[in-house]
Protein chains: 2
Amino acid sequence: MFEPFTLKDIAKALGLSTSTVSRALRDTHEISPETKKLVLDYAQKINYRPNPIALSLKERRSKSIGVSLSEVANQYFAQVVNGIESIAYDRGYHVIITQTHEFYEREKVNIQHLASRSVDGLLVSLSAETTDTSYLQNLHQRGLPMVFFDRVTDQINTHQIIANNEKGSFEATEYLINQGCRRIAHLTSSDHLSISVERLNGYKQALAKHNLPFNEAYIKYCEHGGMFQQETEVAIKELMNLKEKPDGIFVASDRLSIGALAVFKELKIKVPQEMVIAGFCNSDVLDLMCPTLTSVRQPAFEMGQIATDMLLNLIESKYPVHDFEKKILDTSLWVRNS
Amino acid sequence: MFEPFTLKDIAKALGLSTSTVSRALRDTHEISPETKKLVLDYAQKINYRPNPIALSLKERRSKSIGVSLSEVANQYFAQVVNGIESIAYDRGYHVIITQTHEFYEREKVNIQHLASRSVDGLLVSLSAETTDTSYLQNLHQRGLPMVFFDRVTDQINTHQIIANNEKGSFEATEYLINQGCRRIAHLTSSDHLSISVERLNGYKQALAKHNLPFNEAYIKYCEHGGMFQQETEVAIKELMNLKEKPDGIFVASDRLSIGALAVFKELKIKVPQEMVIAGFCNSDVLDLMCPTLTSVRQPAFEMGQIATDMLLNLIESKYPVHDFEKKILDTSLWVRNS
DNA sequence: AATTATTGTGCAATCGTTCCCGGCACAACC
DNA sequence: GGTTGTGCCGGGAACGATTGCACAATAATT
């Protein structure tokens with residue numbers, strides 16, 4: 001059995017009380033230098049570490065934060081996680097990552113598990129399936145600090161951090177227009193996600209600016225964000241079966257971009273000759289391998305950092321916070337059409 | 001403040017003792033049906049959840065396992081994590097993922113943090129930098145269950161699960177030979193990783209079988225597994241500056257494959273006309289985008305599942321386990337040379 | 001020399017839960 | 001009627017760490 005050393009072990013070994021040992025290890029000025037040295041040396045020798053669980057119980061906080069996101073295999077989220085860890089780590093917090101794989105049920109179970117006292121706060125990016133956030137509202141009402149990133153909700157009054165999805169989408173769509181595309185489709189995730197709404201808006205604005213008609217038939221939603229390749233396949237095939245086939249497509253995420261490229265390949269549709277693609281994408285690999293995909297890059301690492309900083313400030317705030325912020329970070333357009 | 005309900009709250013509300021409430025919620029046969037119903041109903045009403053931290057302290061286990069790997073942005077590891085979660089989740093365990101980014105110091109800090117009583121066991125894939133495993137040996141000696149996967153060490157006597165790296169490498173190298181390559185280079189991670197040794201062996205065996213000479217100059221190690229693109233760049237450029245340039249290259253990992261492709265692109269070396277590539281790769285994207293990369297696929301998801309199953313069995317075993325297993329799973333060769 | 005500070009240390013309560021032990025009723029037995 | 005049994009419940013210790021309070025011994029003060 002794995003039994004780490006405790007204060008009691010040290011106390012017994014040195015013939016002291018646990019309180020003396022405890023104080024020797026921190027208070028320092030209440031304890032005689034000799035005793036202090038004795039304790040510190042011994043603790044060093046046996047490599048003593050305070051039991052974080054006992055501390056959590058006592059302090060009523062766990063010094064850990066929970067993260068809920070769709071999947072770490074997604075480059076965007078992997079980069080966000082790195083940002084989260086970089087800050088949490090520095091400030092002495094553990095990070096517990098949970099994946100929803102875009103399922104509402106999974107998200108709910110994960111978050112409730114995290115919340116039942118094992119984390120001090122939550123970083124949440126909603127799943128594609130989620131429409132009911134009442135369980136989150138419940139936790140928030142009861143005082144669990146949370147910050148939303150990427151896929152946010154206005155039903156809960158707290159900090160939010162997102163990319164400038166409208167502007168990013170506008171630029172990507174305008175790029176397609178400038179490339180000569182006139183029938184631009186939009187492949188996106190489920191329609192109740194905040195990012196989908198915002199990205200659709202940017203797309204519409206670009207069309208409007210250039211006097212192009214908005215065609216509902218060109219908008220294709222994937223309820224599970226392309227988690228099932230079949231979703232993407234059906235969507236693309238429907239687009240390609242239209243009388244007026246699109247000549248460009250604005251894709252709303254990493255996963256959908258990958259999925260769409262796969263379908264175009266299968267259909268032997270040449271990119272970018274027959275179809276120009278632009279989309280949100282943070283994948284280095286895709287970027288490297290596909291020189292024809294103009295991409296909207298989100299500052300993922302930075303988003304993770306800022307979200308974590310906001311959350312930890314909420315957690316460590318001595319007074320209840322009522323003033324919440326919605327932070328919007330600019331994207332950048334990486335034009336690739338060689 | 002976020003203050004979940006406790007047993008005491010229920011006891012006070014119903015005029016009972018905490019012990020009675022506790023028993024009503026589990027023991028069940030020592031408590032009268034009426035009291036039981038009363039308690040259960042009330043607990044349901046306020047959505048009571050036992051405090052996992054208090055439980056952990058009492059039970060001296062946390063029902064969570066720690067994972068140490070290089071980075072989740074790597075598709076192989078992302079798939080392993082999914083496998084780990086699928087099993088841990090079913091058996092009621094939390095999963096805490098930590099990333100080393102191939103740094104020894106980071107690995108050590110992460111694992112010691114996990115070990116200081118907050119996890120019941122460890123799943124470890126060593127970082128590229130790690131040579132000294134004494135801190136792990138220390139934990140293992142003191143009884144912390146651990147299972148190694150992918151990058152293992154024989155210095156600690158416990159379960160291991162790996163892919164059949166030798167066979168996979170042999171097949172990939174032989175594939176290159178069959179494609180007509182005669183000067184086959186090998187780009188790999190740091191030389192002290194178990195996978196590097198095994199993969200080099202498979203490579204050598206294939207050369208030997210086909211009576212090709214082994215040339216030390218064709219072997220290039222990247223001490224940080226290609227975490228810094230510069231490593232890969234230097235390695236490839238050195239290879240291409242040799243008098244007898246290689247005509248094929250066997251690459252040992254996802255990240256190195258991506259890195260290498262980027263360098264070949266930069267150098268305007270055509271793949272596969274001037275350079276045939278084969279390598280270990282679990283990236284769907286790379287696979288999709290690069291139709292010329294023949295890849296050795298590892299059963300990553302399954303590896304995660306098996307490792308977790310082994311670990312949980314160790315953790316839950318009533319008797320000390322001395323009989324350890326080294327499980328080797330077959331890889332599969334995905335030939336792509338269109 | 002007696003009183004008051006000062007210093008160093010131990011006791012005990014606390015966090016939320018479980019579980020051993022013991023106690024109170026009431027019924028059944030000799 | 002006294003003993004034993006049984007069903008139901010409360011008291012209290014334990015898990016490991018921190019911390020207010022008490023108290024001893026020594027030093028400083030009048």
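Fair warning: this is a prediction, and the values are worked out from it, not measured in the lab. Chain letters run A, B, ... following the sequence lines, proteins first and then strands; every chain starts at 1.
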Rounded to whole Å, CD1 of A:Ile31 lies from P of D:dT19 at a distance of 13 Å

Quickly work out the A:Asp9 CG to D:dG16 P distance and round it to whole Å.
8 Å

In chain order, what residues pass the side-chain contact (heavy atoms from CB on, under 4.5 Å) check against A:Asp154, with sequence neighbours excluded?
A:Gln160, A:Lys326

Spacing between A:Leu14 atom CG and C:dG10 atom P, to the nearest angstrom
11 Å

Could I get the full list of salt bridge (Lys or Arg N to Asp or Glu O under 4.0 Å) partners for B:Glu102, not counting sequence neighbours?
B:Arg151

B:Gln305 and B:Ser86 side chains, donor-acceptor separation under 3.5 Å:
yes

Under 4.0 Å, heavy atoms only, any strand: does A:Ile53 hit a base, just the sugar-phosphate, or nothing?
nothing

Indicate whether the side chain of A:Ser22 and that of A:Ser19 have a donor and an acceptor atom separated by less than 3.5 Å.
no

Sort and list the pairs that fulfil ring pair (Phe, Tyr, Trp, His ring centres under 6.0 Å) and have at least one residue in residues 9-48 of chain A, not counting sequence neighbours.
none

Pair listing, salt bridge (charged side-chain N to carboxylate O under 4.0 Å, His left out) test, anchored in residues 88-98 of chain A, at least two apart:
A:Arg91-A:Asp309, A:Arg91-A:Glu316

Which residue pairs pass the salt bridge (charged side-chain N to carboxylate O under 4.0 Å, His left out) test with at least one member in residues 41-55 of chain B, sequence neighbours excluded?
B:Lys37-B:Asp41

Residue pairs fulfilling ring pair (Phe, Tyr, Trp, His ring centres under 6.0 Å) with at least one residue in residues 302-327 of chain B, sequence neighbours excluded
B:His159-B:Phe324

Across the strands shown, which category fits A:Thr35 at heavy-atom distances under 4.0 angstrom: base, sugar-phosphate, nothing?
sugar-phosphate

What is the distance from CZ of A:Arg61 to P of C:dG16, rounded to the nearest Å?
15 Å

Per the end-axis method with five pairs at each terminus, what is the bend angle of the helix from C:dA1-D:dT30 to C:dC30-D:dG1, to 10°?
80°

Between C1' of D:dG11 and CG of B:Leu16, the distance in whole Å:
14 Å

Contacts of B:Tyr135 that satisfy side-chain hydrogen bond (donor to acceptor under 3.5 Å, both in side chains) - sequence neighbours left out
B:Glu107

Could you write nucleotides 17-26 of chain C as a row of B, S and -, 5' to 3', where a protein heavy atom under 4.0 Å of any base atom gives B, of only sugar-phosphate atoms gives S, and otherwise -?
BBBBB-----

Heavy-atom contacts under 4.0 Å between residues 37-46 of chain A and DNA chain D, which residues?
none

Residues in side-chain contact (heavy atoms from CB on, under 4.5 Å) with A:Asn74, at least two apart?
A:Glu71, A:Tyr76, A:Phe77, A:Asp254

How would you list, by chain and number, every residue that makes a side-chain contact (heavy atoms from CB on, under 4.5 Å) with A:Arg106, sequence neighbours excluded?
A:Phe103, A:Asn110, B:Glu85, B:Tyr89

